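Let me begin by presenting the structure, written as structure tokens, before commenting on it.
What you see is a predicted model; the values in this text were computed from it and never measured.
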Amino acid sequence: MSAKINWDSIRELARRVFKQGEPLELTEGTRALLLRTAQEVGISQQEAEDALRGVNTATTLLEEAMRRINDGSDRVTRALRQSSDLRDTGDLDGACQQLHDVLAVEVVPLYRKQLEKKLREVTQLAEVAATGRVSANLPDRDQLAVLERRVQQGHALELTDDLAALLRRTTPTAGISEAETEEAIKSPGGTVAIIAMVLSRFRDGKKRLTHAMFRMTSLRDTGDLEGARQQMRDVLAVETVPRFRQAAEEQLRGLDSPPPESSIP
């Protein structure tokens, strides 16, 4: 099976057959498409070949393939979102259970891989929560959030070389200087404080930028470009996280750019 899956062609075929009412024509290309898609959605080659012996059964095969693609996509998207929400509240067991529940019913290999990857990540985060030891294979800020909760639950923070390296990677992304980082990681208390600073800067910055962009869009749409610009200026006046500053600067440049010239004479 190809490592990169593209279902545009099968979706277009399904649209023509089920929405436009075109009859399914079992050309060589259509047969190859249905055989390939069947494998990609977890239908055996024998079952697909049997279905392709007639137009009616081939149409049913197409319908089943699209059901698996669409239902699986909805199910997996929902499970990943719910798992992330539970992870963010510290309920790692619940986050894992969400993924286990969907894996129990999901048959599309691509979707199973996505779920299994997320499950490995959450399981490893649970190990960080249990031991306090960080991993080079997990997202840095997710691990910091787990460590912060661990400290809040009364566990001592062990200042390891791996944790120091993680903080040296992460603090610049939160706009924290190298000198400030090095001073903080000299003690467990300083390390706890700088972990909280990293997390709060990203949390507050994301919320601030999101709200400002909403207000900017509303003002722009009413024709108040100066008011829209001011929303981004207000963000830049206080924001320290480089990625959020860059986003605000890009929005501001977009507002300052002249509108495209009309092609109508």
Side-chain angles (χ1 to χ4, degrees), residues 3-5 7 41-42 68-153 155 157 162-163 165-167 169-176 192 194-214 235 239-248:
K4 186 174 182 180
I5 293 176
W7 284 321
V41 300
R68 294 190 182 196
I69 290 171
N70 294 329
D71 290 358
S73 177
D74 291 342
R75 184 166 47 238
V76 170
T77 299
R78 184 167 55 251
L80 292 175
R81 183 179 64 250
Q82 292 172 342
S83 178
S84 294
D85 290 344
L86 288 166
R87 177 204 63 198
D88 291 346
T89 64
D91 185 1
L92 297 176
D93 289 340
C96 287
Q97 191 59 51
Q98 284 287 333
L99 301 170
H100 279 301
D101 289 346
V102 179
L103 277 167
V105 298
E106 185 54 61
V107 295
V108 176
L110 174 65
Y111 297 151
R112 291 189 60 84
K113 286 182 180 180
Q114 293 172 349
L115 292 163
E116 289 164 353
K117 178 181 178 182
K118 189 67 173 180
L119 181 58
R120 285 194 299 271
E121 181 180 301
V122 179
T123 301
Q124 289 175 326
L125 281 173
E127 181 69 16
V128 174
T131 65
R133 293 191 296 270
V134 300
S135 168
N137 300 320
L138 292 170
D140 290 342
R141 290 205 310 278
D142 288 349
Q143 295 188 85
L144 292 181
V146 166
L147 291 176
E148 183 180 51
R149 291 190 198 95
R150 180 179 164 83
V151 170
Q152 291 169 350
Q153 292 167 354
H155 297 283
L157 182 69
D162 287 341
L163 177 54
L166 185 154
L167 284 166
R169 289 194 305 271
T170 308
T171 52
T173 68
I176 299 171
V192 170
I194 206 165
I195 288 173
M197 184 183 297
V198 170
L199 293 172
S200 66
R201 287 193 177 187
F202 271 95
R203 182 173 55 248
D204 295 346
K206 181 179 180 180
K207 185 183 301 183
R208 180 166 46 238
L209 181 62
T210 300
H211 291 171
M213 289 183 66
F214 177 78
V235 169
E239 187 54 65
T240 58
V241 175
R243 64 184 288 186
F244 296 147
R245 288 191 60 83
Q246 180 181 1

*Mark yes or no: R208 above the aromatic ring of F244, with NZ or CZ under 6.0 Å from the six-membered ring centre and no more than 45 degrees from the axis.*
no
_Separation of Q114 CD from L110 CG (nearest 0.5 Å)_ = 4.5 Å
*Does a side-chain heavy-atom distance below 4.5 Å link V108 with I69?*
no
*asked:* Contact between V122 and L86 at the side-chain level, heavy atoms closer than 4.5 Å - yes or no?
replied: no
*Nearest heavy atoms of P109 and G42, plus distance in Å*: CD-N, 3.7 Å
*Contact check, side chains of V128 and R133, non-hydrogen atoms, under 4.5 Å*: no
*Check for a donor-acceptor pair, side chain of R150 on one end and backbone N or O of A130 on the other, with a separation under 3.5 Å.*
yes
*Assess whether atom CZ of R203 is packed by more than 12 heavy atoms of other residues, nucleotides or ligands within 6.0 Å.*
yes
*Contact check, side chains of T173 and F202, non-hydrogen atoms, under 4.5 Å*: yes
*asked:* Can you tell me how far apart OG (S200) and CD1 (I195) are? Round to the nearest 0.5 Å.
replied: 12.0 Å
*Main-chain N/O of L103 paired with R112 side-chain donor or acceptor, under 3.5 Å*: yes
*Is it true that a side-chain atom of T123 and a backbone atom of L119 form a donor plus acceptor pair closer than 3.5 Å?*
yes
*asked:* When you compare the side chain of L163 with that of L167, does any pair of heavy atoms fall below 4.5 Å?
replied: yes
_salt bridge (Lys or Arg N to Asp or Glu O under 4.0 Å) assessment of E121 paired with K118_ = CA-CA 5 Å; E121 181 180 301; K118 189 67 173 180; 3.5 Å; yes
*Hey, could you give me the CD/CG distance between E148 and L199, rounded to the nearest 0.5 Å?*
5.0 Å
_Just verifying a value: how many Å separate E106 CD and R68 CZ, rounded to the nearest 0.5 Å?_
9.0 Å
*Please test K207 against H211 for side chain to side chain contact (heavy atoms under 4.5 Å, CB included), starting from the C-alpha separation and ending with a verdict.*
CA-CA 6 Å; K207 185 183 301 183; H211 291 171; 3.5 Å; yes
_Flag side-chain contact, heavy atom, 4.5 Å: E116 against R120_ = yes
*Of the non-hydrogen atoms in G175 and P242, which two are nearest, and what is the gap between them?*
N-CD, 3.7 Å
*Do R149 side-chain atoms and D88 backbone N/O form a donor-acceptor pair below 3.5 Å?*
yes
_Side-chain donor-acceptor pair present, D101, Q97, cut-off under 3.5 Å_ = yes
*Any donor-acceptor pair under 3.5 Å from Q143 side chain to L138 backbone*: yes
*Rounded distance [0.5 Å steps], CG in D142 versus CG in L147*: 11.0 Å
*When rounded to the nearest 0.5 angstrom, what is the spacing between CD1 in I194 and CD1 in I176?*
4.5 Å
*Close side-chain approach of L209 and V241, heavy atoms under 4.5 Å*: no
